[in-house]
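Below, chain A is the first sequence line, B the second, and so on; all start at residue 1.
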Amino acid sequence: MIENKVKEKTKFFGTKLLSVLIIVFGLTFIAFCLSYLCPSDPVELQIESMGMVPTEELVSATKESLGLNRPFIVQYFSWLWNFICGDMGNSLLTGKPVFQEIMLYLPNTLILTLTSMVTTMIFSIILGVICAVNVNSVFDYAVRVITYFFASFPGFFLALLLLYIFSIRYNLFPVISTVDAKGMILPVSLLTFTMSAHYIRQIRAIVLEQLNRDYVTGCKARGIPAYVILFRHVLKNSLVPIITLMGISFGGLLGGSAIVENIFTWPGLGKYALSAIQKLDYPIIQSYVVWMALIYLAVNLLVDVFCVIVNPRVQNETEGSVV
Amino acid sequence: MAFSDGLSLKKAQFNILGIAIIILVLIAVFGKYIAPHDPYLVDMSNSLRPPDHEYWLGCDNLGRCILSRILYGASASIFSAFIIIAVISSVGSAIGIIAAIKGGTTEKILMKINVIFQAFPDFILAMAIAGMLGTGLRNGMISLCFVCWTKYARLSRSLALEIKDADYLRSAVISGANSIQIMFKHIIPNIISQLFIMAALDVSGIILSLAGLSFLGLSAQHPAAEWGMMMSDCRQYLQIAPWTVIFPGIALFIVVIVFNLFADTFRDLLDAKGTKAKI
């Protein structure tokens with residue numbers, strides 16, 4: 001029996017691992033193809049940016065030195081191999097290694113997104129549970145209206161308003177965010193607000209669904225106090241859908257961080273990447289896209305593993321997950 | 001009471017929101033004709049002019065009438081979103097339905113491609129594609145099409161799989177109907193209402209993403225009137241001329257919330273099965 005279970009688990013994680021490998025292959029391939037989307041030749045642009053005239057000989061010589069004359073698929077695999085080895089090419093404009101630059105900015109982005117994730121979870125679990133327990137009360141109704149309002153509010157508009165009110169009007173926070181607690185307050189609260197607007201509604205629905213289950217009625221009939229039912233049973237059972245929700249929407253948070261970093265001038269990867277995108281510096285764009293996708297993938301893998309550990313039944317219901 | 005049951009209340013709400021949407025669409029169509037001034041006319045004597053009786057919503061840094069620019073920009077936001085939705089919902093659902101009908105290796109490959117596209121954070125891939133294609137509203141739209149089709153493929157596949165084994169489909173197959181006939185005559189009519197709900201729920205998100213791309217300077221180009229770009233252009237004047245940023249923002253917010261409310265009511269009315277659970 002136990003052996004069988006272990007076998008099942010190994011098989012489950014084996015297929016997961018295989019599917020992750022396929023996904024990583026696929027997503028690096030798409031990221032690699034990005035450089036071919038550019039309507040004008042990036043090599044010519046690079047030569048022009050160095051102040052030279054892109055003559056035919058010069059272009060072909062540069063292509064030769066960059067290895068751009070080889071067959072497409074050979075280029076992809078050599079790019080992938082270098083990527084795995086930590087060589088993500090050099091920036092076309094500054095010539096600096098992309099990997100070092102990314103490692104410089106990535107921690108800032110991670111600090112911002114993970115902090116926002118934690119605050120969002122705390123904020124929305126508390127409000128979502130209160131709303132579900134007091135369903136159709138004035139509080140519930142008010143929270144629903146406010147979350148609806150914020151869910152439709154453009155994030156960058158809210159960011160500008162926050163910046164105007166708190167940084168310019170009242171001068172409470174720096175306009176250019178610094179990587180410390182004070183500089184983080186505005187970007188983190190913005191991401192928390194916009195994310196919570198979606199979360200609170202969904203967590204409310206998840207908890208409400210659990211509260212209507214038969215086991216809750218059974219517990220009530222046995223005279224178990226309401227808070228014990230809530231904390232020991234309902235919240236425990238709501239954990240898997242809530243964590244899954246968190247994993248899936250982490251992508252939205254990473255995307256949102258790109259806008260937020262640019263508005264609050266937070267020195268993160270999103271800001272660095274946007275300036276690279278504007279200058280068509282494609283080695284940086286490719287690495288940025290791959291890194292963000294890998295982080296999203298890793299978060300979702302962790303979520304899957306966590307859910308299987310908490311609730312083994314999940315193993316058979318992986319239909320909706322990202323991985 | 002007229003609204004004694006929830007359904008008729010919902011229907012009334014649906015009608016009101018439907019009228020609101022029609023008004024927004026009419027503004028988007030006829031915005032050019034009702035705009036009081038030329039939205040592209042640069043007049044430095046009106047630079048950052050506050051709202052008054054002549055320029056109701058004031059002027060931006062180049063002295064262009066903000067109300068006129070908002071009216072011109074409505075079509076860029078609303079119709080672009082409609083076009084994107086039309087493209088991604090038809091392409092996405094075609095992929096999903098083909099996967100469901102063919103089954104086997106075709107299904108596996110199509111769904112793997114779907115999962116690979118889902119592995120990217122949506123907005124980040126859209127930023128990269130829009131950036132590589134070069135700025136311009138059309139390129140911003142193309143980038144969102146690349147990114148947003150995946151949910152439609154997943155939804156239509158799961159819906160098609162549900163009815164795939166129904167007796168009427170089997171008898172159609174036995175009577176010699178080919179895949180295309182099955183797809184258009186039997187599957188699509190059965191799942192189209194669910195796809196419509198999803199498309200309606202998607203409009204506001206697409207409008208916001210497109211405005212976000214423009215805000216970052218990756219979609220609409222100067223001097224086009226696009227709400228996201230108007231806000232981004234004037235953000236440095238927020239302190240001295242807040243109307244330059246606030247009015248385009250409010251316009252965007254109104255459009256988004258009207259489409260959200262409409263889509264939710266539409267879902268509640270049509271969808272007894274719960275589309276959201278299957279996404």
Side-chain angles (χ1 to χ4, degrees), chain A residues 19 22-27 29-31 34-40 42 148-149 151-158 160-161 163-164 168-169 205 250-259 262-263 270 273-274 276-278 280 282 285-286 288-289 292-297 300 319-320 322-323, chain B residues 112-113 115-135 139 142-143 146 154 158 204-205 207-209 211-213 215-218 227-228 231-232 234-235 238-239 242 245-246 248-250 252-261 264 276-279:
Chain A
S19 103
I22 295 174
I23 291 172
V24 170
F25 253 105
L27 71 86
F29 186 73
I30 292 175
L34 279 177
S35 63
Y36 288 86
L37 282 178
C38 186
S40 44
Y148 209 98
F149 184 85
S152 304
F153 213 84
F156 48 90
F157 185 30
L158 189 61
L160 288 177
L161 291 182
L163 202 61
Y164 174 59
I168 299 173
R169 249 298 145 84
F250 195 74
L253 188 59
L254 287 173
S257 74
I259 294 184
N262 278 293
I263 294 178
L274 183 70
I277 289 175
Q278 282 157 348
L280 287 176
Y282 68 87
I285 303 173
Q286 287 169 332
Y288 173 61
V289 170
M292 288 291 123
L294 288 180
I295 290 169
Y296 187 31
L297 203 63
N300 276 289
E319 183 73 5
V322 173
V323 181
Chain B
K112 250 315 152 291
I113 294 175
V115 168
I116 289 168
F117 270 93
Q118 266 171 8
F120 292 101
D122 287 356
F123 193 73
I124 286 173
L125 187 59
M127 266 169 68
I129 295 178
M132 288 309 289
L133 285 173
T135 48
N139 290 340
I142 293 174
S143 73
F146 263 108
R154 257 209 306 189
S158 72
S204 54
I207 291 178
L208 278 181
S209 302
L213 283 179
F215 185 81
L216 293 179
L218 298 174
W227 298 343
M231 292 166 73
S232 146
C234 292
R235 58 198 258 205
L238 188 59
Q239 193 180 0
V245 174
I246 287 175
I250 290 175
L252 190 57
F253 170 67
I254 291 173
V255 168
V256 169
I257 201 163
V258 167
F259 274 101
N260 267 339
L261 285 167
D264 282 344
K276 253 195 172 165
K278 286 181 203 123
I279 299 170

Between B/Ile113, B/Ile116, B/Asp122, who has the most heavy-atom pairs with chain A when the cutoff is under 4.5 Å? B/Ile116
So what's closer than 4.5 Å to chain B heavy atoms on A/Gln286: side chain, backbone, both or neither? neither
Check B/Ala119 against A/Tyr296 and note the closest heavy-atom contact, atom names and distance. O-CD2, 3.1 Å
Portion of A/Phe149 that has a non-hydrogen atom of chain B nearer than 4.5 angstrom: both
Roughly how far apart are A/Ile285 CD1 and B/Leu125 CG, rounded to 0.5 Å? 11.5 Å
I'd like to know whether B/Val245 forms a side chain to side chain contact (heavy atoms under 4.5 Å, CB included) with A/Phe156, so could you lay out the CA-CA distance, the side-chain angles of the two residues, the decisive distance to 0.1 Å, and finally the verdict. CA-CA 11 Å; B/Val245 174; A/Phe156 48 90; over 6 Å; no
Under 4.5 Å from a heavy atom of chain A, the part of B/Phe215 involved: side chain
Is the shortest side-chain heavy-atom distance between A/Leu160 and B/Ile246 below 4.5 Å? no
Flag, side chain of A/Tyr164 to backbone of B/Pro242, donor-acceptor distance under 3.5 Å: no
Would you say CZ of B/Phe146 has more than 12 non-hydrogen atoms from neighbouring residues, nucleotides or ligands within 6.0 angstrom? no
So which of B/Thr135, B/Asn139, B/Ile207, B/Leu252 has the largest heavy-atom pair count under 4.5 angstrom toward chain A? B/Leu252
Quick one: are B/Met231 and A/Pro154 in side-chain contact, heavy atoms under 4.5 Å? no
Among the options A/Gly251, A/Gly252, A/Ser152, pick out the one with the most heavy-atom pairs lying under 4.5 Å from chain B. A/Ser152
Could you give the distance from OH (A/Tyr288) to CE (B/Met127), rounded to the nearest 0.5 Å? 4.5 Å
From B/Ile250 atom CD1 to A/Phe153 atom CZ, the distance as rounded to the nearest 0.5 Å: 7.5 Å
Please rank B/Gly212, B/Gly205, B/Ala130, B/Gly217 by heavy-atom pairs under 4.5 Å with chain A and give me the top one. B/Gly212
For B/Leu261, is there any backbone N or O sitting under 3.5 Å from a side-chain donor or acceptor partner on A/Tyr148? yes
About how many Å separate CD of B/Gln118 and CG of A/Leu297, when rounded to the nearest 0.5 Å? 11.5 Å
What closest approach, in Å, do B/Gly131 and A/Ile277 show between heavy atoms, and which atom pair accounts for it? CA-CG2, 3.3 Å
Working to the nearest 0.5 Å, report the span between CG of A/Leu27 and CZ of B/Phe117. 10.5 Å
With respect to chain A, which residue among B/Ile257, B/Ile254, B/Leu218, B/Val255 yields the maximal number of heavy-atom pairs within a distance under 4.5 Å? B/Ile257
CZ-CG distance between B/Phe123 and A/Leu254, expressed to the nearest 0.5 angstrom: 12.5 Å
Where is the tightest heavy-atom contact between A/Met292 and B/Ile124, given as atom of each residue plus distance? CG-CD1, 3.5 Å
At a 4.5 Å cut-off on heavy atoms, which part of A/Leu158 comes close to chain B: side chain, backbone, both, or neither? neither
